[in-house]
Amino acid sequence: MERRLYFIIPVYLVIGSLIYSNILHAPFVFDDDMYIVNNMLIRGLGNFVDVPWNRYLTYLTFALNYAVSGYNVFGYHLVNVLVHVANAVFVYLLVSLTFKTPAMKDADARGAFLIALSTSLIFLVHPMQTQTVTYTTQRFASLTAFFYLLTMALYARWRLTCLVKSWPAKSGRFLYVAAIVTGALAQLSKENAFTLPAMLVVYEFAFFNSTTESGIKRRCLRLAPFLLLFAIVPLTVIMPAFGKGDVDYIRGLQMTELQNLSSYDYLITEFSVVVTYLRLLVWPFGLRLLYEYPRYTSFFNYEVIFPFIFLAVVFASGVYLLISSRRRGSVAGLVVGFGILWFFITISVESSVVPIKDVIFEHRVYLPSAGVFMAAFAGFYHGFGRLRRGGAAYFAVIAVLAALLSIAAYQRNAVWATKLSLWKDTAAKAPNTPNAYINLGLAYRDIGAVALAEKNYRKALELDPANGVAAVNLATLLTDTGRYEEALYYSLRLRVETVIFVNPYVAIAAAYAGLKRYDEAIKNYKTAISLDPDSLYARHGLSVVYSIIGEKDKAVEQLNEALRIDPYLPEAHYNLALLYDEMGKTNEAVYHYGAVLKLNPDDHPARERLEQLKARR
């Protein structure tokens, strides 16, 4: 097995690099703004010296990316692709090691290799994985899978060493401790790693036997440290992040969903969603970032009860196959049964009673897909094994399938190449989703297509008149184009509750400022700050109004507050430099112009003003 890795690793690296070569410079999109671009936590490694919080490890990898290359997207995408390739290798390792366990003693070597190869290869090239790999933020899913799969492989390797008396004891202890450590790291990557201890228990009793030296009691004692991992996710979710504002804000949104959404409605909706996931794994066409999916409220809806019956039959079949095949020594049945249970266990956190605002996302099936592929190709090979040249025929079919899926994945990745192409695709496939039009509008604004941006914001409001994000974006656009009365109309429609996602008073204040109603602008900016003291938009806008009415000291105060919140704002440094220059504070102006150029060496206006200032001085 080890010698084959010398071939598999470079081949998988080449295949993965080719499939994802067209997204290495793709922009940050959607939640990347919240988790990466506007997340001040990742801008300093010193923020990670506290006790770990939920998803701590993934945030740390974003911080390492930022420390190396700032917001250069290439580095973030490269790490995601490498993690994905490593995951495919770990899938191969896990399946290969599984075929060496006592329960698989009757497996033939060729079949074991072909099943491990096909499972890992299709995991690598399947187009449904693109959302996890290409969507930068979903490193949460891929990094969790990395440590989850590695833990399973280390555990399997350790258990195999226990069966070989000649194997050095130190090596066995190292594998055991390493599996516990990587299991803990999985828990610190994303919450769906919570199921890992349960998966290890199933693996232990499915593929290993009790012996005179290792009875039930001893096996349970060996599993005990892994069962303690169950405590990590609940503790990190409950534990405060010690003032890490961005993490607390995001966690606050998650806790709001837990309190405000119905667990029952979410559960019965997920029956249909999980069937959709399985359909997409079999027939991956119509992939999209956002889905229009109804939330069901009655179990007796035919769109709920039929998927439930189907899933119940599949799950029961998996349990039956696992138990009966274990008794009969059926290699294929045991792997198929284990793969089915893997799928249901690993998807249970995000598709059960824990409500999430968005009921479906493709990245949620990333880790569960390994079980589907394992079960499918074990059964597939068992069928081909009846043929005279079954192995050759099986390999040929897998090669063709992998080639077709690779092409589909590359084409799907092309959609992610720009914000505009991604949101055009999303709006076309989910035409009744306001979020698609909001983001399409933002993409048009980025390229200066103001009329098209406005059209899409209005479309989002047509679909959801109470959508605060759409209203704020439209009001901001109207303010920027000088239509202050209309901007004020849309701003005043906003409710205070929308401050969870946007601060309505910022838009109201900006419209008043455009109408030169400065007292009302100041009042609303101050209200915005009282609701969110860290609102950079509010403090920057207030500084502009103060500057206009001649209260430069107050303008300077607001800009310094903005820089206290985020020291890496070139606009704040630039405006401070202008104010200090006007106030005759040359040294301060020079410092802030220099700060602008450190953040953006290509800022020509700042460079020209700095040179003029130095010449005067």
Side-chain angles (χ1 to χ4, degrees), residues 30-31 33-34 37-38 245-246 249 252-253 256 423 434-446 448-549 554-555 558-559 561-562 565-566 569 571-572 575:
F30 204 32
D31 283 348
D33 287 338
M34 178 169 63
V37 178
N38 298 323
D246 299 284
Y249 172 75
L253 294 179
T256 300
W423 291 111
N435 228 344
Y437 294 102
I438 292 170
N439 285 280
L440 183 54
L442 290 169
Y444 276 123
R445 279 221 72 175
D446 284 348
V450 176
L452 289 171
E454 181 179 344
K455 177 183 176 182
N456 281 280
Y457 294 150
R458 291 186 184 278
K459 177 65 176 177
L461 283 172
E462 179 186 320
L463 292 169
D464 180 10
N467 193 299
V469 178
V472 162
N473 286 346
L474 179 57
T476 303
L477 182 148
L478 294 169
T479 298
D480 292 345
T481 53
R483 290 176 281 173
Y484 304 118
E485 292 284 358
E486 196 176 359
L488 186 60
Y489 165 76
Y490 282 103
S491 300
L492 291 172
R493 287 174 56 183
L494 294 166
R495 297 173 302 178
V496 177
E497 295 81 32
T498 59
V499 77
I500 295 173
F501 303 104
V502 292
N503 200 320
Y505 292 100
V506 174
I508 295 169
Y512 277 130
L515 293 167
K516 300 183 180 180
R517 295 163 63 174
Y518 298 124
D519 288 343
E520 290 166 285
I522 291 171
K523 177 183 175 182
N524 280 279
Y525 276 131
K526 286 183 174 180
T527 302
I529 291 169
S530 70
L531 289 170
D532 180 10
D534 291 340
S535 174
L536 296 172
Y537 294 109
R539 293 194 179 277
H540 187 270
L542 183 56
S543 74
V544 171
V545 174
Y546 278 139
S547 181
I548 290 171
I549 65 176
K554 290 184 177 180
Q558 291 302 320
L559 287 172
E561 276 298 303
I565 298 163
D566 184 356
L569 282 176
E571 299 87 353
N575 287 343

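Here, residue 1 is the first one in the sequence, and each next residue gets the next number.
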Practice prompt. Would you please test L440 and Y444 for side chain to side chain contact (heavy atoms under 4.5 Å, CB included) and show each step?
Written response: CA-CA 6 Å; L440 183 54; Y444 276 123; 3.7 Å; yes

Response to the item:
The side-chain contact (heavy atoms from CB on, under 4.5 Å) partners of A471 (sequence neighbours excluded) come to L461, L494

Worksheet item: What pairs with A572 under side-chain contact (heavy atoms from CB on, under 4.5 Å), at least two apart in sequence or on another chain?
Response: L559, L563, L569

Practice prompt. Please name the pair of heavy atoms, one in R539 and one in A562, separated by the smallest distance, quoted to 0.1 Å.
Written response: CD-N, 4.1 Å

Worksheet item: Quick one: side-chain contact (heavy atoms from CB on, under 4.5 Å) partners of K526, sequence neighbours excluded?
Response: I522, L542, Y546

Worksheet item: Can you name the nearest heavy-atom pair linking Y537 to Y525, along with the distance?
Response: O-CE2, 4.3 Å

Worksheet item: How far apart are the C-alpha atoms of K459 and E462, what are their side-chain angles, what is the distance that settles it, and do they pass the side chain to side chain contact (heavy atoms under 4.5 Å, CB included) test?
Response: CA-CA 5 Å; K459 177 65 176 177; E462 179 186 320; 3.7 Å; yes

Worksheet entry | Donor-acceptor under 3.5 Å (N456 side chain, L452 main chain) | yes

Item to complete: Could you pull out all residues at least two apart from N439 that satisfy side-chain hydrogen bond (donor to acceptor under 3.5 Å, both in side chains)?
Response: N435

Worksheet item: Of all heavy-atom pairs between T479 and A510, which one has the smallest distance, and what is that distance?
Response: CG2-O, 3.8 Å

Discussion item. If the condition is salt bridge (Lys or Arg N to Asp or Glu O under 4.0 Å), which residues does E561 pass it with, not counting sequence neighbours?
Written reply: R564

Discussion item. Give me the atom names and distance for the closest heavy-atom approach of A475 to A487.
Written reply: O-CB, 3.5 Å

Worksheet item: What are the two closest heavy atoms between A528 and V506, and how far apart are they?
Response: CB-CG2, 3.8 Å

Fill in: By salt bridge (Lys or Arg N to Asp or Glu O under 4.0 Å) - contacts of R517 (at least two apart)
E520

Fill in: Any residue meeting salt bridge (Lys or Arg N to Asp or Glu O under 4.0 Å) with D33, in chain and number order, not counting sequence neighbours
none

Item to complete: Identify, with sequence neighbours excluded, every residue that meets salt bridge (Lys or Arg N to Asp or Glu O under 4.0 Å) alongside K554.
Response: E551

Worksheet, complete the sentence: Note: P434 and A460 closest approach over all heavy atoms is O-CB, 3.6 Å

Fill in: K516: partners by side-chain hydrogen bond (donor to acceptor under 3.5 Å, both in side chains), with sequence neighbours left out
none

Worksheet item: For the side chain to side chain donor-acceptor pair (under 3.5 Å) test, which of N473, T476, D480 pairs with R445?
Response: D480

Item to complete: Identify, with sequence neighbours excluded, every residue that meets side-chain contact (heavy atoms from CB on, under 4.5 Å) alongside A513.
Response: A521, V545

Item to complete: With sequence neighbours excluded, tell me which residues meet side-chain hydrogen bond (donor to acceptor under 3.5 Å, both in side chains) with R483.
Response: E454, T481

Worksheet entry | side-chain hydrogen bond (donor to acceptor under 3.5 Å, both in side chains) against D31, all qualifying residues, sequence neighbours excluded | none

Worksheet entry | Main-chain N/O of V544 paired to S547 side chain as donor or acceptor, under 3.5 Å | no

